[in-house]
Amino acid sequence: VQLQASGGGLVQPGGSLRLSCEVSGRTLYYPGLAWFRQAPGKEREGVSCATSSDASAYYLDSVKGRFTMSRNDDGNKVDLQMSSLKPEDTAVYYCATVHSCNWNKALGRFRGMEYGGKGTQVTVSS
């Protein structure tokens, strides 16, 4: 499976960005899609996740109410709409395929998480 995230950039606090991720390859072999982020000197964080069997998605507590994840019906594209951005949201954002939305904080990954590519940089600064 190949994943390519895009849409990052520089935005002022309070602003919005929409990230997109295209998934190609063996797209039938994973139940879910997710976003995670990595900032320098900080631990990796699972930002959002949804599987085809879950009616509700997983969101990191600090982004609830501000970020919304959506995927198309074909399951090969997932977006992350980010609003009311804060400086602490600054990180490289990656999309990933997952087996479930259980975030393992110690390992820094969702169960069965696979990802690739460079991610997309989001910088929130005035």
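One-based numbering along the sequence shown. Below, all heavy atoms of this structure are taken into account, side chains as well, without hydrogens, waters or symmetry copies. Nothing here was measured: the structure is a model prediction, and the numbers come from that model.
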Write down the atom of A96, the atom of Y115, and the distance for their closest heavy-atom approach. CB-CB, 3.8 Å

Of all heavy-atom pairs linking F36 and G46, the shortest is CB-CA, 4.1 Å

For the residue pair L60 and R37, establish whether any side-chain heavy-atom pair is separated by less than 4.5 Å. yes

Heavy-atom side-chain proximity of V11 to T123 below 4.5 angstrom: no

Heavy-atom pair of closest approach, residues S48 and L80: OG-CD1, 3.6 Å

Using a 4.5 Å cut-off on heavy atoms from C-beta on, say whether the side chain of N76 contacts that of R71. no

Kindly indicate whether the side chain of S125, heavy atoms from C-beta on, has any atom under 4.5 Å from the side chain of L10. yes

Which pair of heavy atoms, one from R66 and one from D89, lies closest together, and at what distance? NH1-OD2, 2.8 Å

From C49 SG over to F110 CZ, what is the distance, rounded to the nearest 0.5 angstrom? 4.5 Å

L3 and C95: which non-hydrogen atoms are nearest, and at how many Å? CB-SG, 3.7 Å

So how far is it from C21 SG to M69 CE, rounded to the nearest 0.5 Å? 9.0 Å

Could you name each residue pair satisfying side-chain hydrogen bond (donor to acceptor under 3.5 Å, both in side chains) that touches residues 7-18, not counting sequence neighbours? R18-D79, R18-Q81

Is there side-chain contact between R44 and W103, with heavy atoms separated by less than 4.5 Å? yes

To the nearest 0.5 angstrom, please state how far the CE atom of M82 sits from the CG atom of L19. 4.0 Å

Nearest-0.5 Å distance, CD of residue Q38 to CD of residue Q121: 11.0 Å

Quick one: are Y58 and N102 in side-chain contact, heavy atoms under 4.5 Å? no

Is there a side-chain contact between K77 and V23, using heavy atoms and a 4.5 Å cut-off? no

Apply side chain to side chain contact (heavy atoms under 4.5 Å, CB included) to L17 and V122, showing your working. CA-CA 8 Å; L17 279 175; V122 172; 3.9 Å; yes

Residues in side chain to side chain contact (heavy atoms under 4.5 Å, CB included) with N104, at least two apart? A106, L107

How are the rings of F67 and Y93 set to each other: parallel, tilted or perpendicular (split at 30° and 60°)? tilted

For the residue pair V92 and T120, establish whether any side-chain heavy-atom pair is separated by less than 4.5 Å. no

Salt bridge flag under 4.0 Å for residues K64 and D61: yes

V63 to V47 - nearest heavy-atom pair and separation: CG2-O, 3.9 Å

Identify whether the distance between the nearest side-chain nitrogen and carboxylate oxygen of K105 and E43 falls below 4.0 Å. yes

